[in-house]
There are 2 protein chains.
Amino acid sequence: MKDIRVLLVDDHPVVRAGLRAMLAAFEGISVAAEASEGEAALNEVKRLQMLGDPVDVVLMDLQMGDGMDGVTATSHIKRLETPPPVLILTTYDTDADILAAVEAGASGYMLKDAPPEQIHQAVVAAIAGQTVLAPRIAALLMGRIKNPAPALTPREIQLLELLATGLPNRSIAKQMFISEATVKTHLVHIYGKLGVDNRTAAIAAATQRRIIRVAGQQP
Amino acid sequence: MKDIRVLLVDDHPVVRAGLRAMLAAFEGISVAAEASEGEAALNEVKRLQMLGDPVDVVLMDLQMGDGMDGVTATSHIKRLETPPPVLILTTYDTDADILAAVEAGASGYMLKDAPPEQIHQAVVAAIAGQTVLAPRIAALLMGRIKNPAPALTPREIQLLELLATGLPNRSIAKQMFISEATVKTHLVHIYGKLGVDNRTAAIAAATQRRIIRVAGQQP
DNA sequence: TCCGGGGTCAACCTTTTGATTGACCCGCAC
DNA sequence: GTGCGGGTCAATCAAAAGGTTGACCCCGGA
């Protein structure tokens with residue numbers, strides 16, 4: 001039987017080397033290619049498909065130093081004709097990342113501190129078409145069901161993240177390519193969902209519920 | 001000549017495997033042991049010294065899921081009789097732990113996205129007794145010397161903490177038993193010291209410099 | 001097909017925040 | 001005792017943020 005062909009996407013050479021070494025310990029699996037950034041990853045997927053030697057699964061980090069980020073790359077890959085499953089493998093377990101990644105079409109969400117067997121199993125399960133979630137992620141999602149989720153939209157979360165960096169509405173508008181009026185509209189919605197009435201309280205609430213992460217904060 | 005003996009300390013199996021594979025590519029260097037957390041690292045150093053087979057250098061991550069963190073572990077190791085050099089190898093360059101790590105006696109500070117040769121060179125330099133800093137870290141430290149610490153007063157920090165919970169000036173005033181005018185005065189001072197011009201940015205700056213801690217944030 | 005939600009924008013008005021100036025009290029170091 | 005920094009307060013004006021209403025577009029599901 002042919003080996004499972006994996007594409008590694010991570011901006012850290014150390015992590016790529018680690019995954020490569022880790023996967024090498026298992027039978028029937030091999031690293032087809034590596035990419036240090038989203039755009040390169042997309043091109044690799046396309047290139048190998050063109051060559052008739054497609055990757056079976058993509059292991060994708062979310063945080064990328066520069067270049068296209070993991071969520072964007074995932075959604076691009078998922079828009080291909082015959083997209084491979086994309087397994088997110090990242091360091092953090094915040095809502096912002098998870099929701100965006102799942103919406104972008106990711107087949108799973110694993111944390112980097114997972115033991116080798118778990119990562120291997122996740123890869124196999126992803127190829128089988130299953131959705132795999134790290135236990136901590138699963139628990140987090142369960143908790144969210146019991147605790148009526150605020151249900152912020154991706155756009156709102158994106159805005160919230162800019163908000164937390166201390167930008168005024170005007171700058172947020174520029175960065176998001178929308179008008180200040182729209183920023184205000186989003187803010188009103190966010191305040192309503194979070195049950196607050198000012199930006200500072202919104203950041204506090206969102207941080208507490210792990211919807212966003214703030215500077216200097218550990219996973 | 002005897003191999004350089006390295007101790008790897010990182011809570012992520014993936015990263016440990018990566019470093020191991022990466023170092024294996026170089027001559028004259030070998031991984032003597034691994035630890036997933038600070039206390040285990042300290043014990044490994046002691047154990048190998050006792051066996052008369054001491055490690056020559058420690059590669060230490062700062063962020064540790066649970067157990068003793070990297071800074072604490074470093075200072076413990078440095079209190080041994082014949083401490084090996086400790087090279088910090090971490091993900092963030094915004095981390096306020098940089099200063100703490102250097103104070104704890106770290107011989108260097110590298111980022112995980114560094115290419116293999118750089119990491120190898122850093123290890124060699126650390127053993128030679130040199131201090132090695134990633135270019136980005138060096139630049140950051142320089143900036144911090146030029147821009148000395150803000151030196152907020154206790155009262156200002158207290159206010160900042162209330163600020164971070166999302167309270168408006170009026171409520172902060174009540175909780176601190178002062179007038180709203182005084183709250184504003186304090187805020188102006190805080191903004192000046194932190195180099196910002198609004199409350200949200202003040203929280204972001206104070207959080208990043210670990211002046212305050214926000215909800216949901218780990219120590 | 002119609003409806004609803006997400007996303008966008010504008011006008012308007014109120015409230016809050018930010019910036020400036022000036023003032024007073026207190027304790028402590030010089 | 002004089003000066004200085006921390007802490008307190010007030011008045012005032014300008015700027016930003018918050019709240020409301022109403023509107024348009026697009027898309028996907030009932």
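Note on naming: letters A, B, ... go to the chains in the order of the sequence lines (proteins, then strands), and numbering restarts at 1 for each one.
In this structure, Glu180(B) places its CD atom 17 Å from C1' of dG7(D), rounding to the nearest Å. Spacing between atom CD1 of Ile190(B) and atom C1' of dG6(D) amounts to 13 Å, rounded to whole angstrom units. Rounding to whole angstrom units, CG of residue Leu163(B) and C1' of dT17(C) are separated by 11 Å. Distance Lys174(A) NZ to dA16(D) P: 11 Å, rounded to the nearest Å. At whole-Å resolution of the value, CZ in Arg199(A) and P in dT17(C) are 11 Å apart. Rounding to whole angstrom units, CG of residue Asp197(B) and P of dA14(D) are separated by 18 Å. Regarding His186(B), its NE2 atom lies at a distance of 16 Å from the P atom of dT17(C), rounded to whole Å. In this structure, NE2 of His189(A) is placed 10 Å from P of dG7(C), rounded to the nearest angstrom.
Between Val188(A) and Asn198(B), the residue anchored closer to the 5' end of DNA chain D is Asn198(B), taking for each the nucleotide with the nearest heavy atom. Comparing Arg170(A) and Thr185(B) along DNA chain D, the residue whose closest nucleotide (by nearest heavy atom) sits nearer the 5' end is Thr185(B).
Nearest nucleotide to the Ala181(A) side chain, out of dA10(C), dC9(D), dG19(D): dA10(C). Of all nucleotides listed (dT16(C), dG18(D), dT8(C)), dG18(D) comes nearest to the side chain of Lys184(A). Nearest nucleotide to the side chain of Arg155(B), out of dG7(D), dA17(D), dC9(C): dG7(D). Closest to the side chain of Asn169(A), from the set dA17(D), dG18(C), dT8(D), is dA17(D). Of all nucleotides listed (dG19(D), dC9(D), dA19(C)), dC9(D) comes nearest to the side chain of Ile178(B).
Counting only heavy atoms from C-beta outward, the side chains of Leu59(A) and Leu23(A) approach each other to under 4.5 Å. Ile190(A) has its side chain within reach of Leu159(A): a pair of non-hydrogen atoms, C-beta onward, lies under 4.5 Å apart.
The one candidate from Val132(A), Leu89(A), Leu87(A), Asp56(A) that meets the side chain to side chain contact (heavy atoms under 4.5 Å, CB included) condition with Val123(A) is Leu87(A).
Applying the 4.0 Å criterion to OP1 and OP2 of dG19(D), one finds that Tyr191(A) has every side-chain N and O outside that range.
Contacts of Ser179(B) with the nucleic acid, taken as non-hydrogen atoms under 4.0 Å apart, involve only primed sugar atoms and P, OP1 or OP2.
Side-chain contact annotation: Ser179(B) with Thr182(B), donor-acceptor N/O pair under 3.5 Å present.
Panel note: side chain Arg5(A), backbone Asp53(A); a donor-acceptor pair is recorded below 3.5 Å.
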